[in-house]
*Asks:* 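Here you go, one structure.
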Amino acid sequence: MSDSFDVVIIGSGPAGYVCAIKCAQLGMNTAIVETWSDTKGKPVFGGTCLNVGCIPSKALLDSSHKFAEASDHFAAHGIGVGETSIDVAAMMKRKSKIVTQLTGGVSSLLQHNGVTVVQGTGKLMAARQVEVTSADGSKQVLSAENVVLASGSEPVTIPPAPTDDKVIVDSTGALTFDAVPERLGVIGAGVIGLELGSVWGRLGSDVVLFEALDTFLPMMDAQVSKEAAKVFKKQGLNIRLNALVTGTDVKGDAVTVTYTEKGETKTAEFDRLIVAVGRRPRTKDLFSTDSGVTTDERGFVFVNDYCATEAPGVWAIGDIVRGPMLAHKGSEEGVMVAERIHGKPVQLNYDCVPSIIYTHPEIAGVGKTEQELKAEGIDYKAGSFPFAAIGRALASGETDGFVKILADAKTDRVLGAHAIGPSAADLVQQMVITMEFGGSTEDLQLMVFGHPTMSEAVHEAALAVDGMAIHMPNRKKR
Ligand code: FAD
Ligand code: AMP
């Protein structure tokens with residue numbers, strides 16, 4: 001193997017592997033370095049997303065949703081299934097099969113595109129040299145015209161709740177429980193905590209989520225967060241705001257959690273505790289001090305708007321750089337960097353990165369929230385439409401939630417869109433397209449939406465922005 005490349009990428013998560021494929025498609029001699037290996041010593045591709053993140057969590061969310069449907073909702077349709085039961089081992093086997101299929105798919109794609117795979121831990125040295133250390137300790141050095149750092153992130157741990165991979169687990173451990181815990185505690189009511197809490201709650205766990213902040217889902221539009229809190233309460237998720245976990249005590253198969261809630265110290269006992277308090281960039285030992293790369297105090301690599309680091313020819317993408325820790329954000333950064341290395345100055349529109357929470361109903365948003373528009377003093381108009389008035393939503397018994405659209409008061413250009421409800425993620429994706437094309441609510445108002453579809457809520461919300469919704473009485477506009 002030659003050890004000189006046009007591009008060397010460190011890390012094969014959704015940021016790194018997409019960047020590698022794109023570089024190869026553009027004709028560049030590309031290598032990817034991956035440290036993760038399976039029990040047979042073979043490299044594991046796909047990073048957090050495919051192995052212990054987006055994909056396995058969605059597999060379990062879908063399994064547990066089907067269980068909840070069969071247990072609680074089929075009867076309303078006249079379908080009797082008798083007593084429902086869950087075979088956790090079978091559910092996990094299905095999840096693992098999906099993961100293997102997808103990680104194997106990435107392996108084939110890298111091979112098909114002629115990307116050189118180098119197994120081991122990569123470290124960027126001076127002058128774009130990448131030192132790779134194999135599992136047996138042997139080292140090789142790759143040199144490259146361009147190096148892309150894409151080493152991803154790992155769960156944050158907190159001193160009051162050290163994980164033991166048995167009773168107290170992180171998000172990875174919560175994807176491999178061998179039985180449904182009777183009492184489940186979750187520290188952190190963020191995206192990951194809510195998704196994992198939902199999985200086990202639907203299967204029968206009594207779930208309590210502890211959230212230190214006094215606001216629920218502060219990054220989402222406040223109206224959506226309020227509706228989400230209402231829906232989750234109805235589903236039986238016990239979300240405790242202003243509840244800071246200060247200690248844990250594991251005895252046998254149970255853990256006592258100490259927390260302060262509104263100034264009062266309390267305790268609660270659980271069979272399993274998930275620590276879901278965020279993720280941190282994996283940048284320790286990723287580069288030498290003379291590489292020219294720098295990070296902030298939290299370990300995020302400094303990059304400009306185009307993911308170039310301070311070292312010439314060195315780029316960084318995905319969870320190790322600023323912005324939301326989302327697979328699709330990293331992948332598109334990977335594409336942008338590949339194009340830029342190849343000489344095309346493409347840009348990524350960071351204002352149009354959608355965020356999604358895959359609970360049921362789904363929660364999604366893109367662009368500005370109403371509270372952001374207010375804080376920034378932007379003159380806006382807002383319209384929302386409830387799924388309760390959408391025929392398709394009624395037909396499928398999915399009437400919780402709404403679509404909300406925010407537009408510039410003068411230009412009518414869409415500035416943000418938020419939804420909670422059936423297919424919220426896909427509906428917000430329609431709004432991503434609208435916003436990317438600089439669309440207005442008038443554009444949406446004059447478009448034909450299929451009937452009966454959930455997307456009629458987008459149409460009606462756009463009409464509601466001007467107080468012109470057809471299928472509900474309109475509030476007087478300000
Ligand atoms: P990673 O996916 O973390 O990949 C980094 C890779 O680099 C890994 O394979 C690692 O082994 C390798 N590596 C690290 N250091 C080195 C080194 N020195 N040398 C060689 N290789 C190295 N995001 C979404 O968009 N949608 C979701 O639904 C979603 N759900 C999630 C659910 C859970 C439970 C979790 C934990 C995360 C979820 N995420 C989701 C977040 C998403 O997984 C991450 O944003 C995404 O994986 C980041 O991609 P990345 O390529 O930057 O890093
Ligand atoms: P996210 O970053 O979206 O994954 O959410 C993690 C959440 O965990 C944040 O909202 C934090 O406020 C919360 N959190 C962090 N530490 C604690 C703690 N000790 N007790 C309760 N909540 C916490």
Side-chain angles (χ1 to χ4, degrees), residues 9-19 32-37 43-58 60-61 103 106 118-124 130-133 149-156 158-161 170-172 174-175 185-196 199 209-219 240-248 257 259-261 274-287 316-321 323-331 333-334 353-358 425:
I9 295 155
I10 301 180
S12 77
Y17 87 74
V18 170
C19 185
I32 194 162
V33 185
E34 176 54 60
T35 188
W36 203 329
S37 56
V44 172
F45 302 108
T48 305
C49 169
L50 262 52
N51 292 282
V52 292
C54 323
I55 297 302
S57 60
K58 265 80 259 178
L60 297 186
L61 278 160
T103 54
V106 172
V118 183
Q119 215 175 331
T121 306
K123 181 172 184 172
L124 174 72
V130 174
E131 181 189 80
V132 182
T133 308
L149 306 174
S151 52
S153 62
E154 58 201 3
V156 166
I158 48 170
D170 59 19
S171 60
T172 302
L175 295 167
V186 183
I187 311 180
V191 178
I192 294 176
L194 282 169
E195 290 188 359
L196 295 173
V199 166
L209 291 107
F210 298 97
E211 173 52 61
L213 300 175
D214 57 4
T215 324
F216 181 52
L217 294 176
M219 68 296 189
R240 312 200 73 91
L241 298 180
N242 253 322
L244 175 75
V245 172
T246 54
T248 50
V257 171
Y259 62 103
T260 54
E261 193 173 35
I274 303 172
V275 182
V277 294
R279 298 182 63 80
R280 64 166 161 247
R282 206 188 284 116
T283 46
K284 194 170 169 277
D285 298 329
L286 180 64
F287 49 85
I317 57 177
D319 280 8
I320 58 168
V321 301
M325 285 185 165
L326 293 169
H328 45 278
K329 174 256 187 190
S331 296
E333 287 178 335
V353 178
S355 307
I356 303 148
I357 310 179
Y358 294 85

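The structure presented is a predicted model; accordingly, all values stated were derived computationally and were not measured. Every number for a ligand or one of its atoms is a count from 1 in the order of the listing.
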*Asks:* Heavy-atom contact check, 4.0 Å cutoff: does Ala276 meet ligand 2?
*Replies:*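 Heavy atoms of Ala276 do come under 4.0 Å of ligand 2.
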*Asks:* Just to confirm my output: which protein heavy-atom neighbour is closest to atom 14 (N) of ligand 2, and how far is it?
*Replies:*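 Nearest protein contact, heavy atoms only, for atom 14 (N) of ligand 2 is Val277 CG1, 3.7 Å.
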*Asks:* Does some non-hydrogen atom of Lys58 fall short of 4.0 Å from ligand 1?
*Replies:*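 For ligand 1, residue contact (heavy atoms, under 4.0 Å) with Lys58 is present.
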*Asks:* Can you check whether Leu244 has an N/O within less than 3.5 Å of an N/O in ligand 2?
*Replies:*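 Not met; the criterion fails.
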*Asks:* Measure the OG1-CD1 distance between Thr48 and Ile55 for me, rounded to the nearest 0.5 Å.
*Replies:*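 Answer rounded to 0.5 Å: 12.5 Å.
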*Asks:* Do any nitrogen or oxygen atoms of Ala327 come within less than 3.5 Å of a nitrogen or oxygen of ligand 1?
*Replies:*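 Between Ala327 and ligand 1 (N or O atoms, distance only) the closest approach is under 3.5 Å.
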*Asks:* For atom 8 (O) of ligand 2, what's the nearest protein heavy-atom neighbour? Residue, atom name and distance, please.
*Replies:*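 Its nearest protein heavy-atom neighbour is Gly188 CA, 3.2 Å.
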*Asks:* Evaluate Ile10 for polar contact with ligand 1, using N/O atom pairs at a separation under 3.5 Å.
*Replies:*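 No, Ile10 has no N/O under 3.5 Å of an N/O on ligand 1.
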*Asks:* Looking only at protein heavy atoms, identify the closest one to atom 22 (N) of ligand 2 and say how far it is in Å.
*Replies:*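 For atom 22 (N) of ligand 2, the nearest protein heavy atom comes out as Ala212 N, 3.1 Å.
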*Asks:* Return yes or no for this condition: an N or O of Ile192 is under 3.5 Å from an N or O of ligand 1.
*Replies:*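 N/O-N/O distance under 3.5 Å: no.
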*Asks:* Is Ala150 near ligand 1, meaning one of its heavy atoms is under 4.0 Å from it?
*Replies:*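 The answer is yes: ligand 1 sits under 4.0 Å from a heavy atom of Ala150.
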*Asks:* Taking heavy atoms and a distance under 4.0 Å, where does Asp319 meet ligand 1: side chain, backbone, both or neither?
*Replies:*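 Both backbone and side chain of Asp319 come within 4.0 Å of ligand 1.
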*Asks:* Do me a favour and list the nearest non-hydrogen protein atom to atom 32 (C) of ligand 1 with residue, atom name and distance?
*Replies:*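 The closest heavy atom on the protein side is Gly53 C, 3.4 Å.
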*Asks:* Under 4.0 Å, heavy atoms only, figure out whether ligand 1 is touched by the backbone of Ser171, its side chain, both or neither.
*Replies:*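 Ser171 to ligand 1: side-chain contact only, backbone stays beyond 4.0 Å.
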*Asks:* So is Val245 polar-close to ligand 2, meaning N/O to N/O under 3.5 Å?
*Replies:*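 N/O-N/O distance under 3.5 Å: yes.
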*Asks:* For ligand 1, which part of Arg282 has a heavy atom less than 4.0 Å away: the side chain, the backbone, both, or neither?
*Replies:*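 Within the 4.0 Å criterion, Arg282 contacts ligand 1 through side-chain atoms alone.
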*Asks:* Mind checking whether Glu34 has an N or O less than 3.5 Å away from an N or O of ligand 1?
*Replies:*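 Min N/O separation from ligand 1 is below 3.5 Å for Glu34.
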*Asks:* Does ligand 1 have any atom sitting under 4.0 Å from a heavy atom of Gly120?
*Replies:*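 Right, Gly120 reaches ligand 1.
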*Asks:* So for Arg279, does at least one of its heavy atoms come nearer than 4.0 angstrom to any atom of ligand 1?
*Replies:*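 It does, in that a heavy atom of Arg279 comes within the 4.0 Å cut-off of ligand 1.
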*Asks:* Measuring from non-hydrogen atoms of Ala243 to any atom of ligand 2, is the shortest distance under 4.0 Å?
*Replies:*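 True for this residue.
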*Asks:* For atom 38 (C) of ligand 1, what is the closest protein heavy atom, and at what distance to 0.1 Å?
*Replies:*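 Ranked first by proximity to atom 38 (C) of ligand 1 is Cys54 N, 3.9 Å.
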*Asks:* Specify side chain, backbone, both or neither for Ile158, according to which of its non-hydrogen atoms lie closer than 4.0 Å to ligand 2.
*Replies:*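 The part of Ile158 near ligand 2 is the side chain, not the backbone.
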*Asks:* With a 4.0 Å cut-off on heavy atoms, does Ile192 reach ligand 2?
*Replies:*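 Flag not set, Ile192 not near ligand 2.
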*Asks:* Considering only heavy atoms, does Ser153 approach ligand 1 within less than 4.0 Å through its side chain, its backbone, both, or neither?
*Replies:*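 Looking at Ser153 and ligand 1, just backbone atoms fall under 4.0 Å.
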*Asks:* Return the closest protein heavy atom for atom 18 (N) of ligand 1 as residue, atom name and distance.
*Replies:*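 The protein heavy atom lying closest is Gly122 O, 3.0 Å.
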*Asks:* Provide, to 0.1 Å, the distance between atom 3 (O) of ligand 2 and the closest protein heavy atom, together with that atom's residue and name.
*Replies:*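 Of the protein heavy atoms, Gly190 CA, 3.5 Å lies nearest.
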